[in-house]
Amino acid sequence: MFISARTFEEYRAMFALSEHDLSLRILDCPGGAASFVAGAGARGTDAVAVDPQYGPGREALGPLALRENEHRHAEVVGRAEDFVWTWFGGPRRYTRLRSRSARDFTADIAARPGRYVLGSLPNLPFADRAFDLVLSSHLLFSYGEQMDEDFHRDALLELVRVSRGQVRLYPLFLHTSHKRYPALDRMREMLAGYGVPSRVERVDYAFDPGDEEMLVLECGGPRDLPGSSLRGRPSSVGFDPVRWRHLRPDR
Ligand SMILES: C[S@@+](CC[C@H](N)C(=O)[O-])C[C@H]1O[C@@H](n2cnc3c(N)ncnc32)[C@H](O)[C@@H]1O
(Lines give C-alpha, C1' and ligand atoms only; values in the text may rest on other atoms or scores of the structure.)
Protein backbone atom coordinates (compact mmCIF):
# COMPACT_ATOMS: atom_id res chain seq x y z
CA MET A 1 0.00 0.00 0.00
CA PHE A 2 1.03 3.55 -0.68
CA ILE A 3 3.25 4.72 2.18
CA SER A 4 2.45 8.29 3.07
CA ALA A 5 4.09 10.74 5.45
CA ARG A 6 1.49 13.08 6.86
CA THR A 7 2.76 15.56 9.39
CA PHE A 8 2.04 15.98 13.10
CA GLU A 9 0.34 19.30 12.23
CA GLU A 10 -1.92 17.57 9.69
CA TYR A 11 -2.93 15.04 12.32
CA ARG A 12 -3.76 17.88 14.72
CA ALA A 13 -6.02 19.39 12.08
CA MET A 14 -7.52 16.16 10.65
CA PHE A 15 -8.49 14.96 14.12
CA ALA A 16 -9.13 18.36 15.75
CA LEU A 17 -6.66 17.43 18.50
CA SER A 18 -6.79 19.72 21.54
CA GLU A 19 -4.04 20.24 24.12
CA HIS A 20 -6.01 17.90 26.38
CA ASP A 21 -6.12 15.22 23.65
CA LEU A 22 -2.34 15.50 23.35
CA SER A 23 -1.94 14.76 27.07
CA LEU A 24 -3.52 11.32 26.53
CA ARG A 25 -2.01 7.97 25.58
CA ILE A 26 -2.59 7.80 21.82
CA LEU A 27 -2.42 5.05 19.20
CA ASP A 28 -1.90 5.93 15.51
CA CYS A 29 -3.25 3.05 13.39
CA PRO A 30 -2.01 2.84 10.70
CA GLY A 31 1.09 4.96 11.24
CA GLY A 32 2.65 4.53 7.78
CA ALA A 33 5.55 6.97 7.47
CA ALA A 34 3.60 9.76 9.17
CA SER A 35 5.47 11.87 11.70
CA PHE A 36 2.59 12.07 14.19
CA VAL A 37 4.37 9.88 16.76
CA ALA A 38 7.66 11.74 16.22
CA GLY A 39 6.00 15.14 16.70
CA ALA A 40 3.96 13.89 19.64
CA GLY A 41 7.07 12.43 21.30
CA ALA A 42 8.96 15.71 20.85
CA ARG A 43 6.29 17.47 22.92
CA GLY A 44 6.09 14.72 25.54
CA THR A 45 2.91 12.97 24.35
CA ASP A 46 2.78 9.22 24.94
CA ALA A 47 2.02 7.99 21.41
CA VAL A 48 2.55 4.70 19.59
CA ALA A 49 2.10 3.78 15.93
CA VAL A 50 1.19 0.38 14.51
CA ASP A 51 1.45 -0.71 10.88
CA PRO A 52 2.00 -3.99 8.95
CA GLN A 53 5.05 -2.38 7.37
CA TYR A 54 6.95 -2.00 10.66
CA GLY A 55 8.61 -5.42 10.32
CA PRO A 56 12.02 -6.17 8.80
CA GLY A 57 13.05 -3.51 6.32
CA ARG A 58 11.23 -0.75 8.19
CA GLU A 59 14.28 1.50 7.92
CA ALA A 60 13.51 1.77 4.19
CA LEU A 61 10.00 3.19 4.75
CA GLY A 62 11.01 6.80 5.37
CA PRO A 63 13.31 7.01 2.33
CA LEU A 64 10.59 5.30 0.25
CA ALA A 65 7.98 7.83 1.40
CA LEU A 66 10.43 10.62 0.59
CA ARG A 67 10.93 9.31 -2.95
CA GLU A 68 7.19 8.80 -3.48
CA ASN A 69 6.56 12.32 -2.24
CA GLU A 70 9.10 13.80 -4.62
CA HIS A 71 7.61 11.77 -7.46
CA ARG A 72 4.11 12.93 -6.48
CA HIS A 73 5.09 16.60 -6.56
CA ALA A 74 4.85 16.75 -10.37
CA GLU A 75 1.42 15.08 -10.25
CA VAL A 76 0.19 17.47 -7.57
CA VAL A 77 1.43 20.49 -9.53
CA GLY A 78 -0.11 19.14 -12.75
CA ARG A 79 -3.49 18.51 -11.10
CA ALA A 80 -3.41 21.39 -8.62
CA GLU A 81 -7.03 22.34 -9.37
CA ASP A 82 -8.14 18.88 -8.15
CA PHE A 83 -7.01 19.56 -4.58
CA VAL A 84 -8.00 21.88 -1.75
CA TRP A 85 -5.20 24.29 -0.83
CA THR A 86 -6.65 26.18 2.11
CA TRP A 87 -4.58 24.21 4.62
CA PHE A 88 -1.36 23.70 2.66
CA GLY A 89 -1.27 26.99 0.76
CA GLY A 90 0.09 25.39 -2.41
CA PRO A 91 1.97 22.45 -3.93
CA ARG A 92 5.45 23.61 -2.92
CA ARG A 93 4.57 23.84 0.77
CA TYR A 94 2.71 20.52 0.51
CA THR A 95 5.79 18.71 -0.80
CA ARG A 96 8.12 20.51 1.63
CA LEU A 97 6.02 19.55 4.66
CA ARG A 98 5.55 15.94 3.58
CA SER A 99 9.28 15.56 2.85
CA ARG A 100 10.16 16.98 6.25
CA SER A 101 7.66 14.57 7.75
CA ALA A 102 9.29 11.55 6.05
CA ARG A 103 12.67 12.68 7.44
CA ASP A 104 11.25 13.15 10.96
CA PHE A 105 9.68 9.68 10.77
CA THR A 106 13.00 8.16 9.61
CA ALA A 107 14.90 9.74 12.51
CA ASP A 108 12.27 8.81 15.12
CA ILE A 109 11.81 5.16 14.13
CA ALA A 110 15.60 4.79 14.39
CA ALA A 111 15.83 6.63 17.71
CA ARG A 112 12.69 5.19 19.39
CA PRO A 113 11.98 1.85 17.68
CA GLY A 114 9.70 0.67 20.48
CA ARG A 115 7.17 3.34 19.54
CA TYR A 116 6.57 1.64 16.17
CA VAL A 117 4.83 -1.70 16.53
CA LEU A 118 4.34 -4.33 13.85
CA GLY A 119 0.67 -5.19 13.62
CA SER A 120 -2.28 -5.30 11.35
CA LEU A 121 -6.01 -4.78 11.52
CA PRO A 122 -8.22 -6.52 12.44
CA ASN A 123 -5.92 -8.14 15.04
CA LEU A 124 -3.85 -5.56 16.90
CA PRO A 125 -1.20 -6.68 19.40
CA PHE A 126 -2.57 -4.56 22.26
CA ALA A 127 -4.67 -5.23 25.35
CA ASP A 128 -8.30 -4.16 25.63
CA ARG A 129 -8.59 -0.42 26.36
CA ALA A 130 -4.81 0.03 26.15
CA PHE A 131 -5.09 3.60 24.77
CA ASP A 132 -7.11 6.68 25.71
CA LEU A 133 -7.47 7.82 22.13
CA VAL A 134 -7.04 5.94 18.84
CA LEU A 135 -6.49 7.81 15.57
CA SER A 136 -6.95 6.16 12.20
CA SER A 137 -6.31 8.03 8.98
CA HIS A 138 -6.42 7.09 5.31
CA LEU A 139 -7.13 3.38 5.54
CA LEU A 140 -10.71 2.62 6.61
CA PHE A 141 -13.37 4.24 4.42
CA SER A 142 -10.83 5.82 2.05
CA TYR A 143 -9.77 2.39 0.71
CA GLY A 144 -13.36 1.15 0.82
CA GLU A 145 -13.20 -0.08 -2.77
CA GLN A 146 -10.24 -2.33 -1.98
CA MET A 147 -11.28 -3.54 1.48
CA ASP A 148 -14.69 -5.09 1.96
CA GLU A 149 -17.37 -4.44 4.56
CA ASP A 150 -16.41 -7.46 6.68
CA PHE A 151 -12.91 -6.03 6.99
CA HIS A 152 -14.28 -2.60 7.90
CA ARG A 153 -16.59 -4.09 10.50
CA ASP A 154 -13.87 -6.14 12.17
CA ALA A 155 -11.28 -3.37 11.93
CA LEU A 156 -13.64 -0.83 13.53
CA LEU A 157 -14.48 -3.23 16.36
CA GLU A 158 -10.75 -3.86 16.91
CA LEU A 159 -9.98 -0.14 17.10
CA VAL A 160 -12.82 0.20 19.63
CA ARG A 161 -11.46 -2.76 21.62
CA VAL A 162 -8.09 -1.10 22.23
CA SER A 163 -9.55 2.31 23.14
CA ARG A 164 -10.96 3.34 26.49
CA GLY A 165 -11.91 6.82 25.29
CA GLN A 166 -12.48 7.60 21.63
CA VAL A 167 -11.58 6.38 18.17
CA ARG A 168 -11.35 9.13 15.53
CA LEU A 169 -11.29 8.26 11.84
CA TYR A 170 -10.50 10.45 8.85
CA PRO A 171 -11.41 10.82 6.01
CA LEU A 172 -14.91 9.46 5.37
CA PHE A 173 -14.61 9.65 1.56
CA LEU A 174 -13.32 7.01 -0.87
CA HIS A 175 -9.98 8.19 -2.21
CA THR A 176 -10.91 6.84 -5.64
CA SER A 177 -14.18 8.68 -6.26
CA HIS A 178 -14.43 11.42 -3.64
CA LYS A 179 -17.78 10.10 -2.53
CA ARG A 180 -18.63 9.16 1.04
CA TYR A 181 -17.88 5.55 1.98
CA PRO A 182 -21.24 3.98 1.03
CA ALA A 183 -21.54 1.69 4.08
CA LEU A 184 -20.75 4.40 6.64
CA ASP A 185 -24.27 4.48 8.11
CA ARG A 186 -24.39 0.66 8.27
CA MET A 187 -21.07 0.67 10.15
CA ARG A 188 -22.35 3.30 12.59
CA GLU A 189 -25.55 1.31 13.22
CA MET A 190 -23.49 -1.84 13.77
CA LEU A 191 -21.30 -0.01 16.33
CA ALA A 192 -24.34 1.50 18.06
CA GLY A 193 -25.67 -2.04 18.44
CA TYR A 194 -22.57 -2.91 20.48
CA GLY A 195 -22.96 0.16 22.69
CA VAL A 196 -20.61 2.45 20.76
CA PRO A 197 -22.27 5.74 19.77
CA SER A 198 -20.69 7.81 17.03
CA ARG A 199 -20.94 11.23 15.43
CA VAL A 200 -19.57 12.97 12.37
CA GLU A 201 -17.66 16.19 13.11
CA ARG A 202 -16.42 18.85 10.73
CA VAL A 203 -12.66 19.58 10.87
CA ASP A 204 -10.55 22.47 9.57
CA TYR A 205 -8.53 20.37 7.14
CA ALA A 206 -8.98 18.99 3.65
CA PHE A 207 -6.69 18.07 0.81
CA ASP A 208 -9.05 16.05 -1.36
CA PRO A 209 -12.38 17.77 -2.03
CA GLY A 210 -15.04 16.78 0.51
CA ASP A 211 -12.59 15.47 3.11
CA GLU A 212 -13.73 17.86 5.83
CA GLU A 213 -15.20 15.41 8.30
CA MET A 214 -14.05 12.87 10.84
CA LEU A 215 -15.98 10.11 12.55
CA VAL A 216 -15.78 10.01 16.36
CA LEU A 217 -16.58 6.76 18.19
CA GLU A 218 -17.28 6.98 21.92
CA CYS A 219 -15.80 3.83 23.47
CA GLY A 220 -15.82 4.75 27.16
CA GLY A 221 -19.14 3.21 28.11
CA PRO A 222 -20.04 -0.41 28.69
CA ARG A 223 -19.78 -2.42 25.51
CA ASP A 224 -20.03 -6.05 24.61
CA LEU A 225 -17.86 -6.61 21.56
CA PRO A 226 -18.13 -9.80 19.48
CA GLY A 227 -15.18 -11.92 18.37
CA SER A 228 -13.75 -11.09 14.96
CA SER A 229 -14.98 -13.18 12.03
CA LEU A 230 -11.56 -12.67 10.45
CA ARG A 231 -9.59 -14.12 13.37
CA GLY A 232 -7.58 -17.10 12.26
CA ARG A 233 -7.55 -15.95 8.65
CA PRO A 234 -4.15 -15.12 7.17
CA SER A 235 -2.98 -11.67 8.21
CA SER A 236 -3.38 -8.93 5.67
CA VAL A 237 0.35 -8.17 5.92
CA GLY A 238 1.62 -8.18 2.38
CA PHE A 239 -1.81 -7.47 0.90
CA ASP A 240 -1.03 -4.29 -0.96
CA PRO A 241 -3.78 -3.48 -3.45
CA VAL A 242 -2.87 0.14 -3.84
CA ARG A 243 0.88 0.34 -3.38
CA TRP A 244 2.45 2.39 -6.13
CA ARG A 245 -1.04 3.36 -7.30
CA HIS A 246 0.26 6.76 -8.34
CA LEU A 247 2.53 5.07 -10.89
CA ARG A 248 -0.35 3.27 -12.57
CA PRO A 249 -1.71 4.98 -15.66
CA ASP A 250 -5.33 4.61 -14.49
CA ARG A 251 -4.81 6.79 -11.40
C1 LIG B 1 -2.16 5.72 3.09
S2 LIG B 1 -1.23 5.09 4.45
C3 LIG B 1 -1.77 6.12 5.77
C4 LIG B 1 -0.72 6.24 6.85
C5 LIG B 1 -0.92 7.38 7.84
N6 LIG B 1 -2.10 7.20 8.65
C7 LIG B 1 -1.01 8.71 7.13
O8 LIG B 1 -2.07 9.32 7.15
O9 LIG B 1 0.00 9.14 6.55
C10 LIG B 1 -2.04 3.53 4.69
C11 LIG B 1 -1.29 2.60 5.64
O12 LIG B 1 -2.15 1.52 5.97
C13 LIG B 1 -1.32 0.41 6.25
N14 LIG B 1 -2.13 -0.82 6.22
C15 LIG B 1 -2.47 -1.59 5.16
N16 LIG B 1 -3.22 -2.64 5.55
C17 LIG B 1 -3.37 -2.52 6.90
C18 LIG B 1 -4.03 -3.29 7.89
N19 LIG B 1 -4.71 -4.42 7.59
N20 LIG B 1 -3.96 -2.89 9.18
C21 LIG B 1 -3.29 -1.76 9.51
N22 LIG B 1 -2.65 -0.98 8.61
C23 LIG B 1 -2.69 -1.35 7.33
C24 LIG B 1 -0.26 0.49 5.18
O25 LIG B 1 0.89 -0.25 5.53
C26 LIG B 1 -0.01 2.00 5.08
O27 LIG B 1 1.09 2.39 5.88
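Side chains are part of it too, since the values below use all heavy atoms of this structure and drop only hydrogens, waters and symmetry mates. Predicted model only: the values in this text are computed from it and were never measured. In listed order, ligands and their atoms are each counted from 1.
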Atom indices of ligand 1, in the order listed, that fall short of 4.0 Å to a heavy atom of Ala34:
9 (O)
I'd like to know if Gly31 contacts ligand 1, where contact means a heavy-atom distance under 4.0 Å to any ligand atom.
yes
Short side-chain donor-acceptor distance under 3.5 Å, Arg168 and Tyr11:
no
Within 4.0 Å of some non-hydrogen atom of Ser4, the atoms of ligand 1 are 1 (C), 2 (S), 3 (C), 4 (C), 7 (C), 9 (O)
For atom 14 (N) of ligand 1, which candidate among Ala49, Pro52, Ala33 holds the nearest heavy atom?
Pro52
Determine, for Trp85 and Arg93, whether the Lys NZ or Arg CZ falls below 6.0 Å from the six-membered ring centre while staying within 45 degrees of the axis.
no
Donor-acceptor pair between Ser101 and Asp104 side chains, under 3.5 angstrom
no
If the cut-off is 4.0 Å to any non-hydrogen atom of Tyr11, which atoms of ligand 1 fall inside it?
5 (C), 6 (N), 7 (C), 8 (O)
List every atom of ligand 1 that sits less than 4.0 Å from any heavy atom of Ser120, numbering the atoms from 1 in the order shown and giving each element.
18 (C), 19 (N), 20 (N)
Part of Phe105 with heavy atoms under 4.0 Å of ligand 1, whether side chain, backbone, both or neither
neither
Quiz question: by atom type and distance under 3.5 Å, do the side chains of Ser142 and His175 form a donor-acceptor pair?
no
Would you check whether Leu121 has a nitrogen or oxygen atom less than 3.5 angstrom from a nitrogen or oxygen atom of ligand 1?
yes
May I ask you to list the atoms of ligand 1 that are less than 4.0 angstrom from any heavy atom of Gln53?
24 (C), 25 (O), 26 (C), 27 (O)
Residue part near ligand 1, for Tyr54, under 4.0 Å between non-hydrogen atoms:
neither
Any chance the rings of Phe207 and Phe88 have centres within less than 6.0 Å?
yes
Nitrogen or oxygen atoms of Pro30 and ligand 1 under 3.5 Å apart
yes
Between Gln166 and Leu217, does a side chain to side chain contact (heavy atoms under 4.5 Å, CB included) hold up when you go through it step by step?
CA-CA 5 Å; Gln166 291 181 342; Leu217 313 182; over 6 Å; no
Output the list of atoms in ligand 1 that are nearer than 4.0 Å to some heavy atom of Phe151, sorted by atom number.
19 (N)
Only heavy atoms count here, so choose which of Asp51, Val50, Asn123, Thr7 is nearest to atom 27 (O) of ligand 1.
Asp51
Donor-acceptor pair between Tyr94 and Asn69 side chains, under 3.5 angstrom
no
Is the shortest N/O to N/O distance between Arg6 and ligand 1 below 3.5 Å?
yes
I want to know if ligand 1 touches Asp28 in the polar sense, i.e. an N/O pair below 3.5 angstrom.
no
Any side-chain donor near an acceptor of the partner, Glu10 and Tyr205, under 3.5 Å
yes
Is the distance from the ring center of His152 to that of Tyr181 below 6.0 Å?
yes
How about Phe141 and Phe173: are their ring centroids closer than 6.0 Å?
no
